[in-house]
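Structure first, commentary second.
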Number of protein chains: 2
Amino acid sequence: MPKPTPRTRIQERNRSVILNAGLDVFSQFGFRGSTLDQIAESAGLSKPNLLYYFPSKEAIHVELLESLLETWLDPLHAMDPDGDPVEEILAYVHRKLEMAREFPRESRLFANEILQGAPRIMPDLTEGLKPLVDEKAAVIRDWSKSGKIKDIDPYHLIFSIWAMTQHYADFEVQVSTVLDGADPFEGASKYLDTLFRSLLTA
Amino acid sequence: MPKPTPRTRIQERNRSVILNAGLDVFSQFGFRGSTLDQIAESAGLSKPNLLYYFPSKEAIHVELLESLLETWLDPLHAMDPDGDPVEEILAYVHRKLEMAREFPRESRLFANEILQGAPRIMPDLTEGLKPLVDEKAAVIRDWSKSGKIKDIDPYHLIFSIWAMTQHYADFEVQVSTVLDGADPFEGASKYLDTLFRSLLTA
DNA sequence: CGTTTGTTTTACCGATTGGTAAAATCAAAC
DNA sequence: GTTTGATTTTACCAATCGGTAAAACAAACG
């Protein structure tokens, strides 16, 4: 157990304040583009005080990334092989879109990490994400083979769901510039429903 | 004319060497995460020698971004209102996917800039990208109204094309981890063709 | 040759980087 | 209310940051 549970309330509170500030900064500038001073100011603490709660800049980043990936894969985990194929896949789409709306910073943190070559999260990708995707891809393939949905590549289906839902979080600046004030997620939800429904059932 | 054409061959060659190195570094680490020393080493030049050809780190970044956006919007520009709607849209998809394969660094450079809030390219977004998207969205809307394609939100259609094609460049590490060696673009081309064809014609 | 122009290197600068030492302060238990 | 441990601040450090000055070098040209 390398991370003993925080003892006091102050530790609990300050650690979460720091992680929240770190999420703000890392999600915008990536690991190398972020500074401890930025995070400290955003957290309302002094820099040495940050380092009283975390041993290093990297420790904050790693803790954010690791707690992220679990949450990130939950919706995919929830895809039920025994449910109705079309509704299961569409439910996954909507859950993923909802996460992009609720946790845009987490989405951008992940995007930054992947853009930089996943130096800190690669092991979790091969040992956590890949097996899960393989498992769910097999489920989707079975649905295709048994004629319950159209015959499509399950991997690219999953990629396309990731790409389109995360796009609304990661490229929010661009999206809202083009839409000029309108709420992107409203329209996105309807559009994605139509898109994937027509793909799976046509 | 703030940028006089380079006079000598050495200038022409070194400027392009520097821009190429800058593209390597900036596309991976973003503006703030990149250093002049990194770019200099990647270019095989000394840092002061870099600054002989470019006045600052930012100047390299800006020049990369500006020359990028033109190229980036070309495929959308090429969408012909008088062509066959389905084929025009699909041609756009394939052109965009081809660009993601040929110019993944440019895609990641752009992604980094947007992730960081588009601090250096926002004007070009509102003055260049938005009007073009509005124009093409109107074209697509006309196609919908006249029954040539199904009734869909043209803005979200365009977003989805961007998201899915650029995903293969921006998230290349993740994609190739999951696919484990297979060429992503082969399957992506077929999948995207099926996806958008069924959306537009079903 | 010498001169001029273009190019590269050496040496350096102040500011900021991630991180540390240790004193000062605070909080809670005794 | 004092003692003990948790917390915060002050002062600092070596390394790296973006950038500059100026000398050294190279090339073209008369």
Side-chain angles (χ1 to χ4, degrees), chain A residues 2-65 109 112-113 116 119-120, chain B residues 2-65 109 112-113 116 119-120:
Chain A
K3 288 275 171 199
T5 314
R7 275 140 209 158
T8 75
R9 281 79 190 244
I10 293 181
Q11 275 187 30
E12 201 171 335
R13 200 205 59 198
N14 279 350
R15 279 181 58 91
S16 87
V17 164
I18 292 168
L19 287 173
N20 185 62
L23 182 55
D24 266 343
V25 177
F26 283 136
S27 66
Q28 190 173 359
F29 300 110
F31 179 73
R32 295 192 31 174
S34 303
T35 72
L36 283 177
D37 296 88
Q38 270 181 295
I39 299 172
E41 191 194 337
S42 172
L45 298 173
S46 69
K47 183 169 61 173
N49 205 6
L50 272 199
L51 295 163
Y52 174 72
Y53 292 100
F54 289 89
S56 68
K57 174 185 172 185
E58 188 165 0
I60 305 175
H61 193 239
V62 167
E63 187 144 330
L64 282 170
L65 278 179
L109 178 76
N112 257 308
E113 170 71 5
Q116 302 189 7
R120 265 166 275 274
Chain B
K3 288 273 173 202
T5 314
R7 273 137 211 161
T8 74
R9 281 76 188 246
I10 294 180
Q11 275 189 28
E12 201 170 335
R13 199 205 60 198
N14 278 350
R15 279 182 57 94
S16 86
V17 165
I18 291 169
L19 287 173
N20 184 62
L23 183 56
D24 267 343
V25 178
F26 283 135
S27 67
Q28 190 174 357
F29 300 109
F31 179 72
R32 294 192 32 173
S34 304
T35 71
L36 284 175
D37 296 87
Q38 269 181 296
I39 299 172
E41 191 193 338
S42 172
L45 299 173
S46 68
K47 183 169 60 173
N49 205 7
L50 274 199
L51 295 163
Y52 174 73
Y53 292 102
F54 289 89
S56 68
K57 175 186 172 183
E58 187 165 1
I60 304 174
H61 193 240
V62 167
E63 186 144 331
L64 282 170
L65 277 179
L109 179 75
N112 258 308
E113 171 70 6
Q116 302 190 6
R120 266 167 275 275

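Note that the structure is a prediction, hence the values are computed from the model and not measured. Here is the naming used below: chain letters follow the sequence lines, and residue numbers restart at 1 for every chain.
Residue B/P48 places its side chain closer to D/dT20 than to any other of D/dT20, D/dA6, C/dG19. Across D/dG19, D/dA6, C/dT7, the shortest atom-to-atom separation from the side chain of B/S56 is found for D/dG19. Proximity note for B/N49 (side chain, C-beta onward) versus C/dG18, D/dT8, C/dT9: the nearest is C/dT9. For A/Q11, counting side-chain heavy atoms from C-beta on, the closest listed nucleotide (C/dT7, C/dT17, D/dT7) is D/dT7. Of the candidates D/dT7, D/dT20, C/dG18, the closest approach to any side-chain atom of B/L51 belongs to D/dT20. With C/dT20, C/dT8, D/dG19 as the choices, the nucleotide that has an atom nearest any side-chain atom of B/Y52 turns out to be C/dT8.
The distance from atom CG of B/N112 to atom OG of B/S34, rounded to the nearest 0.5 Å, is 7.5 Å. Within the model, atoms NE2 of B/H61 and CD1 of B/I39 stand 9.0 Å from one another, a figure rounded to the nearest 0.5 Å.
Looking at B/L50 and B/F54, their side chains never come closer than 4.5 Å, going by heavy atoms from C-beta outward.
Distance A/N14 CG to D/dT7 P: 8 Å, rounded to the nearest Å. A/H61 has its NE2 atom 15 Å from the C1' atom of C/dG18, to the nearest Å. The separation between A/L50 atom CG and C/dT17 atom C1' is 14 Å, rounded to whole Å. Computed from coordinates, the A/Q38 CD to C/dG18 P distance equals 9 Å when rounded to whole Å. Atom CD of B/E41 and atom P of D/dT16 are 13 Å apart (whole Å). We find that CG of B/L36 is positioned 11 Å from P of D/dT20, with the value rounded to whole Å. Atom NZ in A/K57 sits roughly 8 Å away from atom P in C/dG19 (whole-Å rounding). Remark: P of D/dA6 and OH of A/Y53 are 11 Å apart, rounded to the nearest angstrom.
The residue among B/E58 and B/I10 whose nearest nucleotide of DNA chain D lies closer to the 5′ end is B/E58. With the nearest nucleotide of DNA chain D identified for both B/D37 and A/L45, A/L45 has the one nearer the 5' end.
The residue B/S46 sits close to a base: some heavy atom pair falls under 4.0 Å.
Considering all non-hydrogen atoms of both residues, A/Y53 and A/R15 come closest at O-NH1, 3.4 Å.
If you check distances only, the side chain of B/K47 does reach the base of D/dG18 with a donor-acceptor pair under 3.5 Å.
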